[in-house]
There are 2 protein chains.
Amino acid sequence: MSYKPAGELTELPKGHPCEECVIRPITICRRLDPRTLANLRALGSPQHLQAGQPMFHEGDPVKRVFMLASGSLKIYTLLADGRRQVTGFMFPGDFLGISVDDEYAFTAEALSDSELWWFSRQAFDAFVERTPDVERELYRLAAHELAAAQQQMVLLGRKTAAERLASFFLMLLERKERVSGRAERRFDLPMSRLDIADYLGLTKETVSRMLALLRDRGLIRLETQDRVQVTDRPGLEEMAAGFGEV
Amino acid sequence: MSYKPAGELTELPKGHPCEECVIRPITICRRLDPRTLANLRALGSPQHLQAGQPMFHEGDPVKRVFMLASGSLKIYTLLADGRRQVTGFMFPGDFLGISVDDEYAFTAEALSDSELWWFSRQAFDAFVERTPDVERELYRLAAHELAAAQQQMVLLGRKTAAERLASFFLMLLERKERVSGRAERRFDLPMSRLDIADYLGLTKETVSRMLALLRDRGLIRLETQDRVQVTDRPGLEEMAAGFGEV
DNA sequence: CGCATCGTTGAAATCGATCAAAGTCGGTGG
DNA sequence: CCACCGACTTTGATCGATTTCAACGATGCG
């Protein structure tokens, strides 16, 4: 195991504006800048995940901290009878696994072949202990994620199926823009229709139908099954905000 | 204005297990112990809110940090056409208002006549700056709240109306137990049926019907319109977990 | 090329929403 | 003390958005 002292993780961009930060419940999922990412590659231990392979399960003890280097993951919780709620997706650069509890309250599973680096939990904790500013950074990230969680509650509690899908697409587009730093017109859907449905509190059939609806209204175009082009962004934003129909 | 230097806020119980901690999106809502509460009463400035009166609105600049001393509040977000999602309720001892952003992304409104104490945002920030352990405490609280937010996503995305109400009741009961430190059989509903509906992503009529259903199944009894007695807790827990019917 | 998986589309069913009316509660004033 | 008023809650009947069930189509891999 090529683990190195956590004290070397000083390259974490503490003052970074971090608008693209994403934290998962009881986790930090954070987009790191490329330079830092390169540094972390050297410090952590690599791990490969094939598409569909779980990174950990609900109830697993929390022993590691992860950073996703390539690929994508879904994070979900199951009810006893199999109903599933996807609570988030992870993309390259996201950081995950910090927790105050002893067990994961969810499962993380690779959507596509993925590569990640990990650090032992206790070493990371020690690093945080030694580096006071990181504490603030973690808190700031958590606060951002709380805001995102609140938005998702509005989506799940009060938005229609079409509004949910429009909101989801805008989220993916905006995230891509924050990462690339420039306006984007298209984005990928690395997850299945079922994954999207379980994220939006719908069924895969409804997702498929709403996809057709957005397409027929000229808001989007499906370049391929897993690639979307936004053809009318203001229209999509109206739809997401609840002005799609009266 | 009787504001005092934030440096005197050293009575915050940093090592406190904090299982009853509640944080609202972009906020910390934290149950403080009675001794600390007494200290804060002396340090902060008091404010009264009558039932129905908003504490602040979405878009207000975040200038203060609040602690609820008595009464209760609801926190909600509105969509453009008036649809409302209540994202949380605040109870005595909860702490609220820490944010990394400059504006509130929600509205907080008193459910009943309430009393709260506030501290200026910058003074509180300065206090946090000066007291490194508080940073960790804040982060720990945020992580707890993220776990709660995830649970709420499962509720809103995948639970039936009856399951939502059962889950909500158990939440209120468990919260009361954490605060009192002993088993409880009853709890109050300071919020209206509409508030409950907007929290659970339902309508007030459905809430009323599900209330009748839980009552008719012998899981609860309505002592008064706003006071519930749990008569079959295992049954209520089954219902909340999704085993109510197959 | 054929199979398996995933996605789309159609028809019927259902849960919760909406519309409507009656009941309850607390407060107010006669 | 009681009658009335208004707001909230409950209950009933119907409606509709989304789900469920079913079949068909597309895509990708061996």
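Throughout, protein chains are lettered first and strands after them, A, B, ... in sequence-line order, and every chain is numbered starting at 1.
- Closest of all the heavy-atom pairs between B:G242 and A:D81 is O-OD2, 4.3 Å.
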Using the rule given for side chain to side chain contact (heavy atoms under 4.5 Å, CB included), can you reason through B:L73 versus B:E109, listing the C-alpha separation, both sets of side-chain angles and the distance that settles it, and then say yes or no?
CA-CA 5 Å; B:L73 274 67; B:E109 189 180 308; over 6 Å; no
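- Atom CG of B:D226 and atom C1' of D:dT10 are 16 Å apart (whole Å).
- B:R215 comes within 4.0 angstrom of the backbone, heavy atoms only, and of no base.
- Between D:dT19 and A:T203, a contact under 4.0 Å exists linking OP1 or OP2 to a side-chain N or O.
- Side-chain proximity of A:S208 to the nucleotides D:dT9, C:dT9, D:dT27 is greatest for C:dT9.
- Whole-Å rounding puts the A:Q225 CD to C:dT8 C1' distance at 9 Å.
- Here the CG atom belonging to B:L194 is positioned 11.5 Å from the CG atom belonging to B:L202, to the nearest 0.5 angstrom.
- Each of B:E205 and A:E205 lies near DNA chain D, and the nucleotide nearest B:E205 is the one positioned closer to the 5' end.
- Interface remark: the A:R209 side chain does not form any donor-acceptor pair with the C:dG7 base, using a distance-only criterion of under 3.5 Å.
- To the nearest angstrom, P of D:dA26 lies 15 Å from CZ of A:R193.
- Considering only side-chain N and O atoms, A:T206 lies under 4.0 angstrom from the phosphate OP1 or OP2 of D:dT19.
- For A:D195 and C:dG7, the CG to C1' distance is 13 Å, given to the nearest whole Å.
- When ring centroids are compared, A:F106 and A:Y76 stay outside the 6.0 Å threshold.
- Between the P atom of D:dC8 and the CG atom of B:L211 lies a distance of 17 Å, rounded to the nearest Å.
- The only option from A:R193, A:R84, A:K204 that meets the side-chain hydrogen bond (donor to acceptor under 3.5 Å, both in side chains) definition with A:D198 turns out to be A:R84.
- Across all strands shown, A:G52 has no heavy atoms under 4.0 Å from either base or sugar-phosphate atoms.
- Atom C1' of nucleotide C:dG16 and atom NZ of B:K159 are separated by 18 Å, given to the nearest angstrom.
- To the nearest angstrom, C1' of D:dT10 lies 13 Å from CE of B:M210.
- The CG-C1' distance, from A:L202 to D:dT19, rounds to 10 Å in whole Å.
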